[in-house]
Amino acid sequence: MASEHRDSERRRPRAGRGQDGSARRSARSRARKDGQGGGRFAAAARVADSNRAFLPVILFAALAAIVFLRLFFLQVVVAGEYSQDAQDARLATINVEARRGTIYDRNGNVLAISVDATTVYANPSEVDNPSYAAQTVAEAMGGEAEDYLEALSDADLSFSYLVQKADVEAADKLKELVEEREIEGIYFLDDTRREYPNGQVGGQVIGACEIRVDEESGTEYYAGISGLEAYYDDVLSGTPGRYVAERGKTGVPLPGGVHEDTPAVDGQDIVISLDITLQASVEESLAEGVENIEGTGGNAVVMDGATGEIYAAASLPYFNPADRSEVEEGATQLKCVTDLLEPGSIFKTVSTLALLETGTMGPDDELFCPAYITADGYTISDAHDRGDETMTLREILDKSSNVGISLAVEQMGFEELYNHILAYGLHKDTGVDYPGEGEEGTDALGYLVPFEDWSRVTAYNVSFGQGISVTPLQMVRFYGAINNDGVACTPHFLIEKPQTGEKPEYATEQIVQNTSVLPTMIDMLKTVVSDGTGTAAAIDGYEVAGKTSTAEIYDEENGGYREGVYNICFTGFIADSSSQLVCFVGANEVPGDRVVTPVFKDIMTTAIDRFKITPEQ
């Protein structure tokens, strides 16, 4: 037992040592475990601390990137735009209108001119008291202060128009008031304004301008809208100038701040063929004559058959480019150029000349002319009742017989008439330098049924000027050729551009091939005036040659011809004289049996005195 006790006692220490070691090992193990766990926690703490330290860096970098991108956007992407906006805010831009060219008549009389004017503008940013400034402007320029207040009130603007093309005297008065009252921000610019010294006289030929606005600059400028102002707008208008300069805060131009200073190039002057004195006489005679015969309208033209120069042209109602407060419908048109009509008996000269050229009949050849003829169910008779009669070709023309000319042309052949109409150029435009003749893009003018579509009644009608339409200017060109060796000249207005010395050349055309018959044709036209229907056109001491017409008017609404009203006219010239002026006079919708030959006589008597026309011995 003692031995066992000792052994147990001996084993106890070992056991104790083992337990202590094991405890130490366990402690060390726990320590290692604790050390390992604490390391992870420490590392996490260190990472968290590191992240917290790095976050401001990231935020700073992001802010820096945003600032950098914003700077890049401002200084690179939109820098040009912002710079331009800033510059525009300092810029004053003035578009300088070119002085429009002057229009002169053939004798140097001014018909249209650009006179000195003043444009008044403001720099609203300099105006201290817009209401006071507006009242001052109204005192000098007229109107109410409210009319100018808005243009003076926007302090963000450096430029605004107050009055454009103002009267110089009114602008000078305003300038004095501005100086006296020490008003800042109102400025003055030399300008021009279009004026027409002769008012209504020649107004349709000269035409008119209107003020248009340039969409880009907002600047007003003159543009031709009718007559020669429109036709020669590119010649008369010139090229506008432009002045662009930077201004300081007070509106004073900055040194070296002129960005553009392009001077205006003035338009060219033109000299036209009108004689304004004759023009005035034509307008007076036409208006009085049409009123006397109760017509609803009328037109007249005087042209030199040897040159094509138009000395006078007018149509009712008249147009005054200097006063457009009231403009009647159609007043801006020159109807001898733009309007078609069935010419009636003045067209019998066309048929007669064709008869002479082809040798079908001579002036003294006779033809049986019954009181009436029929064709395609229609009856054709003369304007005045008569019985059956034998007439010479001269008498047919003198008495203006519809039946006679129809039968004579039938002998010649209707196709010959058609071909001569084409040869005489009565199917195409005249080429006149005036807007509104014919359809754009084609030289066709008037109404002429193709020959293959002619019926017998159509042929009869065309022979005496019905069923065909022409303009008065076409007929004037044709009659001018009769008195000019068969050569037709292009009617025109422009005769010179004085700055360059340019004198345009115009086409001529030999429309009569058998010129040997022209003296006979002229002689027959003279007897129309001396013995036929045109006696009221006779002028003492002169050989007037011409032809009358009383044409029926086609009814556009109901078809056929209207009853009781006619278009009447006369076309002629002074034969065997020092002049080759040809004159057409027409009146529209005239009731009953009337004539315009007295109007022709008045016009040509004035021309005789005006141009010292003398008979040839």
Side-chain angles (χ1 to χ4, degrees), residues 99-115 194-209 222-238 266-283 299-315 318-322 332-338 430-437 472-473 476-477 480 489-507 579-584 603 606-607 610-611:
R99 179 180 287 269
R100 194 170 178 85
T102 301
I103 302 176
Y104 298 94
D105 86 337
R106 63 184 309 107
N107 303 306
N109 296 303
V110 173
L111 305 180
I113 188 170
S114 293
V115 300
R194 200 65 166 170
E195 290 191 353
Y196 302 91
N198 297 283
Q200 168 193 287
V201 179
Q204 290 159 330
V205 175
I206 300 161
C209 295
Y222 277 117
I225 56 172
S226 68
L228 298 183
E229 288 274 32
Y231 194 89
Y232 287 113
D233 187 60
D234 57 338
V235 176
L236 294 164
S237 60
D266 291 343
Q268 292 189 59
D269 300 341
I270 61 174
V271 178
I272 66 172
S273 55
L274 280 193
D275 180 276
I276 201 63
T277 301
L278 180 64
Q279 178 73 29
S281 178
V282 167
E283 291 185 18
N299 60 93
V301 57
V302 181
M303 187 191 84
D304 188 338
T307 65
E309 294 176 8
I310 300 173
Y311 279 56
S315 58
Y318 296 140
F319 171 63
N320 184 352
T332 61
Q333 296 177 330
L334 193 58
K335 296 181 178 64
C336 64
V337 172
T338 63
T430 67
V432 65
D433 52 343
Y434 189 88
E437 184 187 45
L473 195 58
V476 167
R477 177 179 179 267
C489 298
T490 302
H492 61 273
F493 290 103
L494 179 64
I495 57 177
E496 186 179 2
K497 298 177 183 177
Q499 277 102 333
T500 62
E502 179 185 352
K503 295 182 178 181
E505 295 183 2
Y506 297 92
S579 168
Q580 290 179 259
L581 293 179
V582 181
C583 177
F584 169 95
I603 292 172
T606 300
R610 176 83 180 141
F611 305 116

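In this structure, Asp304 contributes its side chain and Gly308 its backbone to no donor-acceptor pair below 3.5 Å. Put simply, the side chain of Thr490 never gets that close to the backbone of Gly431: no donor and acceptor are under 3.5 Å apart. Between the Gln279 side chain and the Ala313 main chain, a donor and an acceptor come within less than 3.5 Å of each other. Without hydrogens or angle criteria, Asp433 side chain to Leu494 main chain gives a donor-acceptor distance under 3.5 Å.
For the residue pair Glu229 and Tyr196, a side-chain donor N or O sits within less than 3.5 Å of a side-chain acceptor on the partner.
Summarising the geometry of Val282 relative to Ala300, their closest heavy-atom pair is CG1-CB, 3.9 Å, with the distance given to 0.1 Å. Gly501 and Glu496 get closest at one heavy-atom pair: CA-OE2, 4.3 Å. The shortest non-hydrogen separation linking Pro321 to Gly199 is CD-O, 3.4 Å. Closest heavy-atom contact between Val301 and Cys336: CB-SG, 4.0 Å. Considering every non-hydrogen atom in both Ile603 and Cys583, the closest pair reads CG2-SG, 4.1 Å.
Side-chain atoms of Ile495 and Glu309, non-hydrogen and from C-beta on, do get closer than 4.5 Å to each other. Proximity of Pro472 to Asn299: side-chain heavy atoms (C-beta onward) are separated by under 4.5 Å at one or more points. Looking at heavy atoms from C-beta onward, Gln204 lies in side-chain contact with Ser315 at the 4.5 angstrom threshold. A 4.5 Å side-chain heavy-atom check between Ser226 and Phe319 finds at least one atom pair inside the cut-off. Two residues are said to be in side-chain contact when any heavy atoms from C-beta on lie closer than 4.5 Å; Gln268 and Glu502 fail this criterion. The side-chain heavy atoms of Glu283 and Val201, taken from C-beta on, include a pair separated by under 4.5 Å. A 4.5 Å side-chain heavy-atom check between Ile206 and Leu228 finds every atom pair outside the cut-off.
No option in Ile272, Asp275, Val432, Val302 other than Val432 meets the side-chain contact (heavy atoms from CB on, under 4.5 Å) test with Ile310. With Arg100 as the fixed residue, the side-chain contact (heavy atoms from CB on, under 4.5 Å) test singles out one of Val235, Asp233, Ile113: Asp233.
With sequence neighbours excluded, the residues that form a side-chain hydrogen bond (donor to acceptor under 3.5 Å, both in side chains) with Arg99 are Asp116. Thr606 pairs by the side-chain hydrogen bond (donor to acceptor under 3.5 Å, both in side chains) definition with Ser281, not counting sequence neighbours. For Asn198, the side-chain hydrogen bond (donor to acceptor under 3.5 Å, both in side chains) test picks out no residue, with sequence neighbours left out.
Lys497 and Asp269 are not joined by a salt bridge, as no carboxylate oxygen comes within less than 4.0 angstrom of a charged side-chain nitrogen.
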**Prompt:** So Glu437 and Thr430, side chain to side chain contact (heavy atoms under 4.5 Å, CB included) or not? Walk me through it.
**Reply:** CA-CA 8 Å; Glu437 184 187 45; Thr430 67; 2.7 Å; yes
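Ring centroid separation for the pair Tyr311 and Phe611 comes in under the 6.0 Å cut-off.
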